[in-house]
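Below: one structure, written as structure tokens.
We number each residue from 1, following the sequence as shown.
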Amino acid sequence: NMNSDLPVFFELNRVAHFTCKPARGVIEPRARSELQLTFHPKQLGTFENTFIVSVNGGIKKIPIMVMGNSSSIGEKAERASGIDVIKEDFKRQPNYNRNMNIPQRAAPQQHTVETDVLL
């Protein structure tokens with residue numbers, strides 16, 4: 001948030017095969033916020049979609065284009081069960097891929113893994 005006096009309220013829409021954490025929040029004056037965008041496909045294929053960051057109730061809208069490719073079926077994880085499990089046993093472990101070989105297109109900035117959005 002580049003404003004030195006006012007906080008910024010933001011909210012992102014839901015997008016198939018992707019999640020964003022946090023999906024809404026407040027950025028205090030002169031502060032930053034980090035968003036974690038996660039690709040979790042339910043089927044094989046290449047998926048492209050757009051998150052829309054709605055700022056201050058829609059005064060400004062910022063598109064974030066995302067793309068993910070699922071080319072193989074992974075092994076199904078064994079589910080935690082029983083009376084000895086705790087909440088942390090159900091959390092997914094993130095698999096970060098920051099050095100992706102992304103094909104160049106007409107607008108390569110659409111596939112940026114890390115980016116700064118100035119509000």
When you look at Val53 and Ile64, which way does the side-chain contact (heavy atoms from CB on, under 4.5 Å) test go after all the steps?
CA-CA 7 Å; Val53 182; Ile64 301 177; 3.6 Å; yes
side-chain contact (heavy atoms from CB on, under 4.5 Å) filter on Ile86, not counting sequence neighbours, yields Glu88, Asp89
Test of understanding: with side chain to side chain donor-acceptor pair (under 3.5 Å), list the residues that count as partners of Glu28, not counting sequence neighbours.
none
Give every donor-acceptor pair under 3.5 Å between a side-chain atom in residues 5-19 and any protein atom, sequence neighbours left out.
residue : atom : partner : partner atom : Å
Glu11   : OE2  : Arg24   : NH2          : 3.1
Asn13   : OD1  : Ile52   : N            : 2.6

Inter-residue atom distance Lys21.NZ - Glu34.CD, 0.5 Å rounding:
14.0 Å
Residue pair Ile62 / Val55, side-chain heavy-atom distance below 4.5 Å
yes
Answer yes or no: is there a side-chain heavy-atom contact under 4.5 Å between Pro63 and Phe51?
no
How far apart are the closest heavy atoms of Ser4 and Arg30, and which atoms are they?
CB-NE, 3.8 Å
Set of residues satisfying side chain to side chain donor-acceptor pair (under 3.5 Å) with respect to Asn69, sequence neighbours excluded
Thr46
Residues Gly68 and Phe39: closest non-hydrogen pair is C-CZ, 3.5 Å
State the CD1-OG distance between Ile59 and Ser54, to the nearest 0.5 angstrom.
9.0 Å
